[in-house]
Amino acid sequence: MHAVSDVYPCKSVRIGISLSLSLSLSLSLSLSLSLSLSLSLSLSLWLMATVSSYQPWKSEFSKMSDRKEPTSISCTASLPMLWKEYFRDPSQWWDNRSRKVHPGYPDFKHKGTKQCLWIDNPCTPSWVTAELSRRSMETPLPARPVICDDCTAFVVSLRACAKSKDLRKGSLIHEEILRKGLVDQCSDALITMYAKCGALVKAQELLDIHSSRNAYTWTAMITAYAQHKQARDALRCFEHMQLAGLSPDAVTFACVLNACSSVQDIDKGRKIHAEIIRQGLIGDDVVLGNALLDMYAKCGALSTAQYLLQWLPSRDVVSWNALISGYTLLGQGEQALRCFEQMQIEGFSPTSVTFTCILEACGSIGALEKGEEVFYEIAKQELFENNIVLGTATVDMFAKCGALSKAQQVFQNLPSRDVVSWNALIAGYAAQGQGNQALECFAKMQQEGISANEVTYSCILDACGSLGALDKGTEVHHEITRQNLLQTNIVLSTAVVDMYVKCGAFQSAEQVVEELPLQAVAPWNSLITGYARQGQSDQALKCFKLMIHRGINPDAVTFTGVLNACSHLGLTDEGLMHFMSMKKIYNVKPDIGHYTCMIDLFGRSGQLDKAMEVIKEMPPGEDLAVWSALLGACQKWGDVNVGKRAFEHSVELSQNDAAAYALMANIYATASLYNDAEKVEV
DNA sequence: ATAGGGTTAG
């Protein structure tokens, strides 16, 4: 209710004012707050009608001031207020006089509310005229005499190209503009067109040459960078904009916040937040508030996001969606579901976006029942029509919950499918170990003429690996190479290596790793742990040395493989050396798995006292498994002394560890210490 | 032609 009856009509009213200049701010605000829904709506509709027929450059002002109702009221009521606001703090207003190419173009525009002022407005009261004259502003600067029709036509066409993302046509217009020598007048429209069509280099080039003085143009550039996953460039562009002396407004800030979330730069985001508060922009802009909330949510600061949701002056369903998506992104599906309930209690109806997020949340925590419930609701509201994203999210939810027949069923009933929908299904089959089903889907997808992408290949390689389908896997690898996909995609590269490893084709795996254009640890890990798993420990260590030689930094996974290999080969000293270097040289924090490896390593050679030294360094907490492993080793070697201490630690950490009691009793018994054994068993 | 540039999702 809140969103529909309050926020949006209010927004329409505001737009109406800035365009028509004909209603008073105070009047319209109080109207939108106090009137009923239908009245606000009809008011804004009326305003829109007025706006569309209103053409200030045809000197409509005189006609309007002659009218009786309701414009005559607002004309006298609103202007003085706006001028008062302008005189109070001119820095809150854009001064557009130097860019004025037409009398209809406003002389001043408020940075936050977008309200406009014309110096030569006939309704302007005399005290304002006096004040203007005192400030030597009694006449507007002469409009730039370039009211050239060519220019106008070009700008209009460029805008159309921008809207339809027609880069080809836009470039042709650019050529035409160059021929006529009108680039200077059209540069802003050109930059915006290139930016919107994704021709970022071209847009930036023109921006550099023409050093635009237009904040809208800069914002278009920033947005284009952010939308093309070049958030760093977006932020850099924002810096340049400020260095050029242009002030960002609410829209600019919203775009920049978007860029901050892409690069997870919460500090930058906080600074922007402070600036937004300083400029008082939050109050009347839901979108800006939502962008802010989304930034905190995407950067993982969910408590701040939650707090914002509570205190934002205006919020809508998008605010809730941003919060829910944040929880989902962080894997906190339960929290996401809780928000979903809460938003409905507060009277917001979920949208397709809400449902999409919630489905993902259900999939991530395996909440099949809730997911199914949401699915029926979506079907009931007929939201699956023309919404591939929502359909795919449903398939994905069922697949992630392991309900593959259900996933298949939904998939078949989708009104349309794309590569992502297919991927959801294929990934589901691959993850459940149903490799043949995955391959079957892959074939069907190609029959339907839909080309695979990196994600598809990655899933299919996974399926090939689990099936040991070397031929199919090799075929896919060659296709990937043909498409040059290994140049940029580490995940895919690792999938290729992993496929060869799982098929036991280690030579091919090694060859791929050696020839990869990207330096990354993951493909090497796949190879090393693969060798270690296969018992080919010497090969694992050989690869590790090669990798270090290539200057690639090992991570926690690498060392798990390496320590396992050392353990199997009985290389106690080398294992200890790697264990030390992982902390000291490579700054990798050992986890439980590494400690267990070390126990295993020393345990095999009977050096249980050394094993204990290693464990003692462990940070206290989750170390029960490690003490149990040590106790097991003690049983094997009949080491009563170390065993006793391992037993004490095990018991201390877990009061009822039956296995530990049994092991200890066994150790005593083996050492013929039957009295002690009996005591333990009691 | 007198605005233009913005938030949430597989």
Side-chain angles (χ1 to χ4, degrees), chain A residues 15 18-19 51 54-57 96 99-106 109 114 116 118 143 147 149 151-160 162-163 188-189 191-193 195-196 212 214-224 226-227 241 248-259 261 281 285-295 297-298 305 312 315-326 328-329 350-361 363 383 387-397 399-400 414 417-425 427 455:
Chain A
I15 293 166
S18 70
L19 289 172
V51 169
Y54 174 57
Q55 297 172 305
W57 62 95
N96 285 336
R99 295 208 309 266
K100 195 171 164 115
V101 293
H102 193 283
Y105 196 101
K109 197 164 170 186
K114 309 288 163 64
C116 299
W118 279 259
I147 311 169
D149 287 337
C151 214
T152 303
F154 284 138
V155 170
V156 171
S157 321
L158 284 172
R159 204 167 297 149
K163 203 172 171 189
D188 282 327
I191 295 166
T192 308
M193 182 277 293
K196 284 207 140 188
S212 171
N214 186 334
Y216 284 73
T217 306
W218 281 90
T219 306
M221 191 75 232
I222 294 169
T223 307
Q227 283 174 351
M241 172 182 178
D249 66 4
V251 179
T252 319
F253 283 132
C255 302
V256 174
L257 284 167
N258 195 2
S261 14
L281 293 174
D285 197 328
V286 210
V287 178
L288 181 59
N290 289 341
L292 202 46
L293 200 160
D294 179 59
M295 183 277 295
K298 285 230 170 68
L312 278 180
R315 57 192 142 139
D316 59 9
V317 66
V318 177
S319 325
W320 280 101
N321 290 348
L323 189 69
I324 290 172
S325 120
T328 308
L329 214 65
T351 64
S352 300
V353 177
T354 323
F355 286 132
T356 308
C357 295
I358 286 302
L359 287 167
E360 198 189 332
L383 293 175
N387 192 336
I388 297 190
V389 176
L390 196 44
T392 306
T394 309
V395 173
D396 188 53
M397 180 275 295
K400 288 229 169 72
L414 289 182
R417 312 151 181 175
D418 64 6
V419 62
V420 190
S421 331
W422 280 98
N423 288 348
L425 194 61
V455 178

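No hydrogens, no waters, no symmetry mates; every other heavy atom, side chains included, goes into these values. Naming: A, B, ... by sequence-line order, numbering from 1 per chain. None of these values were measured; they are calculated from a predicted model.
- Of the candidate nucleotides dG5(B), dT7(B), dA9(B), dA9(B) has the atom lying nearest to any side-chain atom of T356(A).
- Taking 4.0 angstrom as the limit, K298(A) places a side-chain polar atom (N or O) nearer than this to OP1 or OP2 of dT8(B).
- Closest to the side chain of D418(A), from the set dG6(B), dA9(B), dG10(B), is dG10(B).
- Looking at heavy-atom distances under 4.0 Å, I388(A) makes contact with a base.
- The side chain of D294(A) lies closest to dT8(B), out of dA3(B), dG10(B), dT8(B).
- When rounded to the nearest whole Å, the span between CG of L292(A) and P of dT8(B) equals 13 Å.
- Within 3.5 Å, no donor on the side chain of N423(A) pairs with an acceptor on the base of dG10(B), nor the reverse.
- The nearest whole Å value for the distance from the OH atom in Y216(A) to the P atom in dT2(B) is 15 Å.
- With sequence neighbours left out, the salt bridge (Lys or Arg N to Asp or Glu O under 4.0 Å) criterion links K400(A) to D396(A).
- Residue D285(A) places its side chain closer to dG6(B) than to any other of dG10(B), dG5(B), dG6(B).
- For the pair D188(A) CG and dA1(B) P, the interatomic distance rounds to 18 Å; values are reported in whole Å.
- In this model, the phosphate group of dT8(B) is approached by a side-chain N or O of N258(A) to a distance below 4.0 Å at OP1 or OP2.
- At a threshold of 4.0 angstrom between heavy atoms, the contacts of V389(A) include nucleobase atoms, whether or not backbone atoms are also involved.
- Protein atom CD1 of I324(A) is 13 Å distant from nucleotide atom P of dG10(B), rounded to whole Å.
- Contacts of L288(A) with the nucleic acid, taken as non-hydrogen atoms under 4.0 Å apart, include base atoms.
- For T192(A), whose side chain is taken as the heavy atoms from C-beta onward, the closest listed nucleotide among dG5(B), dG10(B), dT7(B) is dG5(B).
- Distance check: M241(A) CE to N214(A) CG gives 9.0 Å after rounding to the nearest 0.5 Å.
- Taking the side chain as every heavy atom from C-beta outward, N258(A) and I222(A) never approach each other to under 4.5 Å.
- Residue T223(A) has its side chain nearest to dG6(B) when only dT7(B), dG6(B), dG10(B) are considered.
- Within the nucleic acid shown, S421(A) comes within 4.0 Å of at least one base atom, counting heavy atoms only.
- Side chain N214(A) to base dG5(B): no donor-acceptor pair is found below 3.5 Å.
- I388(A) is not listed as a side-chain neighbour of V420(A), based on a closest heavy-atom distance of 4.5 Å or more.
- For the pair M241(A) CE and dG6(B) P, the interatomic distance rounds to 13 Å; values are reported in whole Å.
- Atom CG in L383(A) sits roughly 17 Å away from atom P in dA9(B) (whole-Å rounding).
- Among residues two or more places apart in sequence or in another chain, the side-chain contact (heavy atoms from CB on, under 4.5 Å) test is passed with R417(A) by F411(A), Q412(A), L414(A), S421(A), W422(A), E448(A).
- The nearest whole Å value for the distance from the CG atom in L158(A) to the P atom in dA3(B) is 19 Å.
- Under 4.0 angstrom from either OP1 or OP2 of dT8(B) there lies no side-chain N or O belonging to S325(A).
- A donor-acceptor contact under 3.5 Å links the side chain of T152(A) to the base of dA1(B).
- With hydrogens and angles ignored, no donor-acceptor pair closer than 3.5 Å exists between the side chain of N290(A) and the base of dG6(B).
- Considering only the side chain of R159(A), dA3(B) comes nearest among dA3(B), dA9(B), dG5(B).
- Among dT8(B), dG5(B), dA9(B), the nucleotide with an atom closest to any side-chain atom of V318(A) is dT8(B).
- Residues L288(A) and L257(A) are in side-chain contact: their nearest non-hydrogen atoms beyond the backbone lie under 4.5 Å apart.
- Distance check: D249(A) CG to L281(A) CG gives 7.5 Å after rounding to the nearest 0.5 Å.
- In this structure, L329(A) places its CG atom 17 Å from P of dT7(B), rounding to the nearest Å.
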